[in-house]
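Chain identifiers are assigned alphabetically (A, B, ...) following the order of the sequence lines, protein sequences preceding nucleic acid strands; residue numbering begins at 1 within each chain.
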Number of protein chains: 2
Amino acid sequence: MARISSTDRRSALIEAALRVIGRDGIAAATTRAIVAEADMSLASFHYVFRSRDEMMHALVASLIEAQTLATLESIAESTNIHHALRAGLQAYFDVLTGNPHQEQALIELLMYSMRADDLADLPQVQYASYHRAVAHLLVTAAASARVEWVRPVPDIARTIVSITDGVTLAWLADRDTVASGRVLDFAAESIAVLARPLDPERELTP
Amino acid sequence: MARISSTDRRSALIEAALRVIGRDGIAAATTRAIVAEADMSLASFHYVFRSRDEMMHALVASLIEAQTLATLESIAESTNIHHALRAGLQAYFDVLTGNPHQEQALIELLMYSMRADDLADLPQVQYASYHRAVAHLLVTAAASARVEWVRPVPDIARTIVSITDGVTLAWLADRDTVASGRVLDFAAESIAVLARPLDPERELTP
DNA sequence: GTCTATAAAGTGATAGAC
DNA sequence: GTCTATCACTTTATAGAC
């Protein structure tokens with residue numbers, strides 16, 4: 001086998017592990033399954049990772065860093081805050097329905113992190129990152145639509161993250177896309193109510 | 001050891017398994033860990049369960065049956081629909097914060113069921129049960145408060161389940177009780193807007 | 001650096017004594 | 001029925017040849 005740099009091997013193994021977890025679940029992500037997915041020998045695994053736990057730690061850490069929530073970016077484009085919210089939620093939902101295994105893997109890894117002693121603080125970091133990213137999108141969207149939020153932005157951001165998480169769990173369970181869409185409809189409407197126009201006269205000319 | 005009936009052993013092992021999963025996670029719920037928790041021998045396990053998978057199946061099935069969502073019962077008592085909703089959500093949240101391990105175990109078992117071939121239909125059954133239970137509570141609460149819902153009750157029920165699930169995941173991650181409470185505040189307010197008084201004059205005398 | 005081979009521990013499941 | 005002892009297998013991790 002060709003010589004591969006240690007860092008390349010690390011990322012190749014992490015990506016392989018994520019694929020295995022997405023396909024077969026975290027319980028099936030044994031070192032053997034991961035090296036088979038990455039087409040490496042078992043010894044190569046332990047050449048770059050001291051243990052399976054160390055690899056899982058690196059996997060969770062890399063996911064947090066990669067989480068840019070780019071799927072919600074479309075929220076910032078519209079001049080109508082309700083439409084912007086609905087479009088942003090739909091963009092996330094499309095990613096979920098298009099790649100359910102990945103979202104399932106993220107939830108399994110989240111639950112795994114909560115159990116692992118040396119990863120116990122990562123869920124908190126992860127959610128702080130989610131909340132911050134959504135809060136930033138809310139501020140951007142409000143500026144585009146020329147509105148202001150009548151509730152603290154962090155509270156609205158947490159609400160949005162909670163709704164997307166809840167919709168995700170329910171959809172993964174019953175795959176009812178239509179019903180999930182109606183929940184997102186209601187969420188967008190309810191949150192749009194929290195936006196007050198900056199130019200009062202605009203309110204009268206919809 | 002005294003002779004224990006087969007059915008007693010079954011329930012004792014299922015309860016022990018739930019405790020182990022709550023305490024140490026589903027990955028730690030080996031047959032040995034479970035029989036140790038139940039203070040039985042390994043052979044006793046296989047005397048009442050053909051396999052570990054069969055026990056997990058029985059565990060998930062018993063949880064679905066036991067899920068009466070009794071925690072939300074307080075929703076039905078108030079004559080003010082907003083207060084009733086907020087109290088019901090708080091009742092669920094109190095159960096979560098008082099026993100986080102159990103909710104964590106339920107989510108892990110949900111994700112486990114999604115992966116297991118012969119359990120793949122259980123998540124759908126489980127969520128149908130959740131939605132039906134909450135829908136029933138919504139009807140009861142509306143009758144008590146003398147209001148009617150201006151949206152289909154199943155849609156509102158699914159929204160409530162999604163919100164509680166999302167709040168659960170976020171709270172398990174960062175344990176921010178105050179912020180989670182504000183999400184529940186907003187949820188109760190938003191859903192209360194969907195209730196229209198049956199006696200119009202009552203609206204004018206709050 | 002990368003491999004094969006194997007060690008050491010843990011797993012689900014079973015046989016057979018009582 | 002219940003137990004101890006053990007099988008057959010899988011897992012993580014490592015040793016040592018190349």
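Applying the 4.0 Å criterion to OP1 and OP2 of C:dA13, one finds that B:R32 has every side-chain N and O outside that range. In terms of phosphate contacts, B:R52 brings a side-chain nitrogen or oxygen within less than 4.0 Å of OP1 or OP2 of C:dG12. One finds a side-chain N or O of B:T31 lying less than 4.0 angstrom from the OP1 or OP2 phosphate oxygen of C:dG12. Between B:R50 and C:dG12 there is no side-chain N or O to OP1 or OP2 distance below 4.0 Å. Remark: B:S44 is in phosphate contact with D:dC3, judged by side-chain N or O atoms under 4.0 Å from OP1 or OP2.
The CD1 atom of A:I34 sits 17 Å away from the P atom of D:dT10 (whole-angstrom rounding). The CE-C1' distance, from B:M40 to D:dT4, rounds to 17 Å in whole Å. One can place OH of B:Y47 at 19 Å from P of C:dC18, the figure rounded to the nearest angstrom. Spacing between atom CG of A:D53 and atom C1' of D:dA13 amounts to 13 Å, rounded to whole angstrom units. Atom CZ in A:R3 sits about 7 Å away from atom P in C:dT2, given to the nearest Å. Between the CD1 atom of B:I26 and the P atom of C:dT11 there is a distance of 15 Å, rounded to whole Å. Atom P of nucleotide D:dC3 and atom CG of B:D39 are separated by 9 Å, given to the nearest angstrom. Here C:dG10 presents its P atom at 15 Å from CG of B:L42, a figure rounded to the nearest Å.
Note on B:S6: nothing from the nucleic acid sits closer than 4.0 angstrom, heavy atoms only. At the heavy-atom level, B:I4 lies under 4.0 Å from the strands shown only through sugar-phosphate atoms. As judged by a 4.0 angstrom heavy-atom cut-off over every strand, B:S41 is placed among the base-contacting residues.
Ionic pairing of A:R115 and B:D24 is not present here: no N-O contact between side-chain nitrogen and carboxylate oxygen is shorter than 4.0 angstrom. Ion pairing between a basic and an acidic side chain is recognised when a charged N comes within 4.0 Å of a carboxylate O; B:R32 and B:E37 show no such pairing.
A donor-acceptor pair shorter than 3.5 Å cannot be found between the side chains of B:T159 and B:S162.
In this structure, of D:dC3, C:dA13, D:dA13, it is D:dA13 that holds the atom nearest to the side chain of A:H46. Distances were taken from every side-chain heavy atom of B:T30 (C-beta onward) to each of D:dT2, C:dG12, D:dT11; the shortest belongs to C:dG12. Distances were taken from every side-chain heavy atom of B:R9 (C-beta onward) to each of C:dT2, C:dA13, D:dT2; the shortest belongs to D:dT2.
Without hydrogens or angle criteria, A:W149 side chain to A:L138 main chain gives a donor-acceptor distance under 3.5 Å.
Taking each heavy atom of B:A173 and A:M114 in turn, the nearest pair found is N-CE, 3.7 Å.
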